[in-house]
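This chain uses plain numbering: 1 for the first residue, then up along the sequence.
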Amino acid sequence: MADTLLTVTPQMATGAKRREELLHGHGQKDRAFSDPQQSLQEALSMLGSDDWELKKKGLFNITRLAESHAEVLLCRLREICLAVTSEVTNLQSKASCSAIITLGELFGILKKDMDSEADEVAGVLLPMVWNSPEFIQKAACQSLGMIVENVTPAQAMTALMDRGVKSRYVQIFDYFVLRINDTHKRVKEKALDVLAEITGLLEDALNPVMNCLVEGITRNLNAKDPRVHATAVKALNKSVAHLVLVEWVYARSPEVVQRYTLPVLWSCLENKVLLVRSANVCAVVTKLACALCEVMGTQLIKCADSKPPHMQENLSSLLGW
């Protein structure tokens, strides 16, 4: 992800401070409301006001209610999220940024209870990464990160990848690759399984990120856990099956194949995959190499001439030359 999206703004720092206070139990007594139901209604009314200060107070109170009276918000979660997301597109940049930060905080506080809202919220936040002032882009990026970190992995993948492709964000895959290599083996297993399922659905939208995804997959091919290994092989097979459908593409746009498919082959030939003692893995890579050889012919050899000798040897071995 671009460095410009990683810089912490004052608004983001304020949100982080508030979350930090929550984690350490700081100020809990001050955050409780004597009548949380009434306070929630008042907060929602404030969001409907044209006064920026009232909107700001309403957003802040929603966060406070989430921290101290989560059960009240959970009963009206859809209504609350709709009210907050409607402020994301507010023409007043301060209101927009505050709403974005509040959404991130709700995911950070309520975590998996926000699963049902992940898809809709992601759909609102992702466009803000493209055509917004820089500080709003950064806030949206951080809140998207809060979605990934706090809802269930399957829900995060579905919401962010589907919405990410539709909004051309396809950088959301930076988060996805982290999940593929998560330290928790069940998380990475689920991520690999989801990748295998969505590869065919997303089709050409995956091309620009296929190389980094395959590299993430290959790191799991030597996994000691048999289920992680099996899902990694499955994901690799699905990815390559998508890439080998290159004949009709190459005839029209050879540069597309050379830009997106060849890098995956080179990555596989660089001993990252072939060192795995698995007939299934070798068969998958061979399928990719043969498909490229069939459509590119001698052009594939010319492209390989610039690669290190061991990669050329691996290619020759796969093709039986």
Can you give me every donor-acceptor pair (side chain of residues 302-309, partner residue at least two apart or in another chain, under 3.5 Å) with its distance?
unit_1, atom_1, unit_2, atom_2, d
Ser306, OG, Cys303, O, 3.0

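Summarising the geometry, atom OG belonging to Ser98 is positioned 9.5 Å from atom CD belonging to Glu105; distances are rounded to the nearest 0.5 Å. If you take NZ on Lys55 and CG on Leu59, they are separated by 8.0 Å, rounding to the nearest 0.5 Å. Rounded to the nearest 0.5 angstrom, Leu300 CG and Cys290 SG are separated by 10.0 Å. Rounding to the nearest 0.5 Å places CZ of Phe33 at 9.0 Å from CD of Glu42. To the nearest 0.5 Å, atom CG of residue Leu106 and atom CD1 of residue Ile147 are 10.5 Å apart. Taken to the nearest 0.5 Å, the CD atom of Glu71 stands 11.0 Å off from the CG atom of Asp113.
Here the side chain of Thr286 pairs no donor or acceptor atom with the backbone of Leu318 at under 3.5 angstrom. Side chain of Ser86 to main chain of Ala83: a donor-acceptor pair is present (N/O by atom type, distance under 3.5 Å, no hydrogens or angles). Here the side chain of His229 pairs no donor or acceptor atom with the backbone of Lys224 at under 3.5 angstrom. When atom types are taken as modelled, the side chain of Thr85 and the backbone of Cys81 share a donor-acceptor pair closer than 3.5 angstrom. Not a single donor-acceptor pair under 3.5 Å links the side chain of Ser267 to the backbone N or O of Pro263. Judged by distance alone, the side chain of Asp35 and the main-chain N or O of Gln38 form a donor-acceptor pair under 3.5 Å. Remark: the backbone N or O of Lys188 is not paired with any side-chain donor or acceptor of Asp182 at under 3.5 angstrom. At distances below 3.5 Å, not a single donor-acceptor pair connects side-chain atoms of Asn237 with backbone N or O atoms of Val233.
A chain of hydrophobic side-chain contacts below 4.5 Å, direct or via other Ile, Leu, Val, Met, Phe, Trp or Tyr residues, connects Leu77 to Leu103. Residues Leu319 and Val295 share a single hydrophobic cluster, defined by chaining ILVMFWY side chains whose heavy atoms lie under 4.5 Å apart. If you chain together hydrophobic residues whose side chains sit under 4.5 Å apart, Leu74 and Phe107 fall into the same group. Hydrophobic clustering (ILVMFWY, side-chain heavy atoms < 4.5 Å, transitive): Leu54 and Ile80 are in distinct clusters. Linking ILVMFWY residues whenever their side-chain heavy atoms come closer than 4.5 Å, directly or via other members, leaves Leu73 and Leu82 in distinct clusters.
Of all the heavy atoms in Gln137 and Ser132, the pair that sits closest is NE2-O, 2.6 Å. Between Ala289 and Leu315, the closest heavy-atom pair is CB-CD1, 4.1 Å. Nearest heavy atom pair, residue Leu110 against residue Ala66, reads CD2-O, 4.2 Å. Nearest heavy atoms, Ala139 versus Cys97: CB-SG, 3.9 Å. Across all non-hydrogen atoms, the minimal contact from Leu47 to Glu87 is O-OE2, 3.2 Å. In terms of heavy-atom proximity, Ala140 sits nearest to Met128 at CB-CB, 4.0 Å.
Between the side chains of Gln37 and Arg76, no donor-acceptor pair is found at a separation under 3.5 Å. Donor-acceptor pairing under 3.5 Å is lacking for the side chains of Thr231 and Glu189.
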Practice task
Could you please spell out the steps behind the side chain to side chain contact (heavy atoms under 4.5 Å, CB included) verdict for Lys112 and Asn150?
Solution key: CA-CA 6 Å; Lys112 293 180 181 179; Asn150 292 288; over 6 Å; no

Handout entry: From CA spacing to verdict: side chain to side chain contact (heavy atoms under 4.5 Å, CB included), Phe135, Ser96
Key = CA-CA 11 Å; Phe135 73 99; Ser96 174; over 6 Å; no

Practice task
Please lay out, stage by stage, how Leu144 and Val148 fare under the test side chain to side chain contact (heavy atoms under 4.5 Å, CB included).
Solution key: CA-CA 6 Å; Leu144 287 167; Val148 173; 5.8 Å; no

Problem - Steps toward side-chain hydrogen bond (donor to acceptor under 3.5 Å, both in side chains) verdict (Asp115, Thr152) - result: CA-CA 7 Å; Asp115 271 17; Thr152 56; 2.7 Å; yes

Problem - Evaluation steps, side chain to side chain contact (heavy atoms under 4.5 Å, CB included), between Leu192 and Lys234 - result: CA-CA 8 Å; Leu192 289 164; Lys234 177 184 175 183; over 6 Å; no

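Side chains of Lys56 and Trp52 form a contact here, defined as non-hydrogen atoms less than 4.5 Å apart.
Residues Asp225 and Arg186 are paired through a salt bridge, judged by an N-O separation under 4.0 Å between the basic side chain and the carboxylate. Salt-bridge formation is not detected for the pair Glu67/Arg64: no Lys NZ or Arg NE/NH1/NH2 atom is positioned less than 4.0 Å from an Asp or Glu carboxylate oxygen.
Atom CG of Asp50 is surrounded by 12 or fewer heavy atoms from other residues, nucleotides or ligands within 6.0 Å.
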